[in-house]
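The structure under discussion appears below in the form of C-alpha cells.
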Amino acid sequence: MSDWIQHIYTIVRKIPKGKVTNYGAIADVVGARTTSRMVGWAMNAAHRVTPPVPAHRVVNRKGLLTGRHHFGTPTLMQELLEAEGIKIDENQVVDFEKHFWKPE
DNA sequence: TCACTGACCGTGG
DNA sequence: ACCACGGCCAGTG
C-alpha cells in the first residue's frame, strides 16, 4: 500500500464519533499528490484493512451519502450515522456544516 | 501492456 | 444556474 493511502486511513480513523467530513478535506490534508477521487477509491478498499476504517463518516461535499451502496446493505451507512446522533434526510446529512469535522 | 474506471471537487464556458 | 473537463493513483480485464 502506498503512503498516502495509509495516511488517508489514519485520518479517517481520527474522525470523532458523531462527526463527518468530506473527500476533498481529506485530500487536502494528505496533500496535492492525491485528489478526492483517490480518497473514494481508498474507501472502496478500506473495508478489507485492519483496523477497520469508519468510512461511513466520510461523505461528499454536499453531505450526500454517495458511498452507501458499498456497505453491506444500502441503508447501513445511514443507520450507523443515525446511531451516532447524525440525522439523515434523503441520503443527505442534516445540518452538514454543523457536524462537519476538519481533519488536521 | 494498454485502456478504462472510480464512494470527488473545483473551475471555466 | 447547468454542463463539461482536468487532475490524480491503483486495480482490473
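In what follows, chains carry the letters A, B, and so on, assigned in the order in which the sequence lines appear, proteins first and then strands, with residues in each chain numbered from 1.
- The side chain of Ser36(A) places no N or O atom within less than 4.0 Å of a non-bridging phosphate oxygen (OP1 or OP2) of dG10(B).
- Linking Ile, Leu, Val, Met, Phe, Trp and Tyr residues whenever their side-chain heavy atoms come within less than 4.5 Å places Val53(A) and Trp101(A) in a single cluster.
- To the nearest 0.5 angstrom, Ile26(A) atom CD1 is 12.0 Å from Thr35(A) atom OG1.
- Listed here is the closest heavy atom pair of Thr21(A) and Ala25(A): OG1-CB, 3.7 Å.
- If you take atom P in dA10(C) and the same atom in dG10(B), they sit 23 Å apart, rounded to whole Å.
- Residue-level contact check: Asn60(A) touches the backbone only, with heavy atoms under 4.0 Å from sugar-phosphate atoms and none from bases.
- What separates CE of Met43(A) from C1' of dC9(C) is a distance of 14 Å, to the nearest Å.
- Spacing of C1' atoms, dG11(C) relative to dC9(B), comes out at 22 Å, to the nearest Å.
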Side-chain donor/acceptor pairs under 3.5 Å, residues 74-83 of chain A, sequence neighbours excluded:
| from | atom 1 | to | atom 2 | distance (Å) |
| --- | --- | --- | --- | --- |
| Thr75(A) | OG1 | Glu79(A) | OE2 | 3.3 |
| Gln78(A) | NE2 | Glu82(A) | OE2 | 3.2 |

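- Using a 4.0 Å cutoff on non-hydrogen atoms, the parts of residues 22-35 of chain A near DNA chain C are Ala32(A), Arg33(A), Thr35(A), ordered by number.
- Atom pair Met38(A):CE and dC4(B):C1' shows a separation of 13 Å (rounding to whole Å applied).
- When all heavy atoms of Thr50(A) and Arg13(A) are compared, the pair lying nearest together is C-NH1, 4.4 Å.
- Here the closest heavy-atom approach between residue Ala42(A) and residue Ile8(A) is recorded as CB-CD1, 4.1 Å.
- In this structure, Trp41(A) atom CH2 and dT5(B) atom C1' are separated by 12 Å, rounded to whole Å.
- Annotation: side chain of Tyr9(A) is not in contact with side chain of Lys14(A) (no heavy-atom distance under 4.5 Å).
- Comparing dC5(C) with dC4(B), their P atoms sit 15 Å apart, to the nearest whole Å.
- Heavy-atom distances under 4.0 Å link DNA chain C to no residue of residues 61-95 of chain A.
- Separating the CD1 atom of Ile8(A) from the P atom of dG6(B) is a distance of 18 Å, rounded to the nearest angstrom.
- One distance of note links NZ of Lys87(A) with NE2 of His99(A); it measures 7.0 Å at 0.5 Å rounding.
- Residues Arg33(A) and Trp4(A) approach most closely at NH2-CD1, 4.3 Å, considering heavy atoms.
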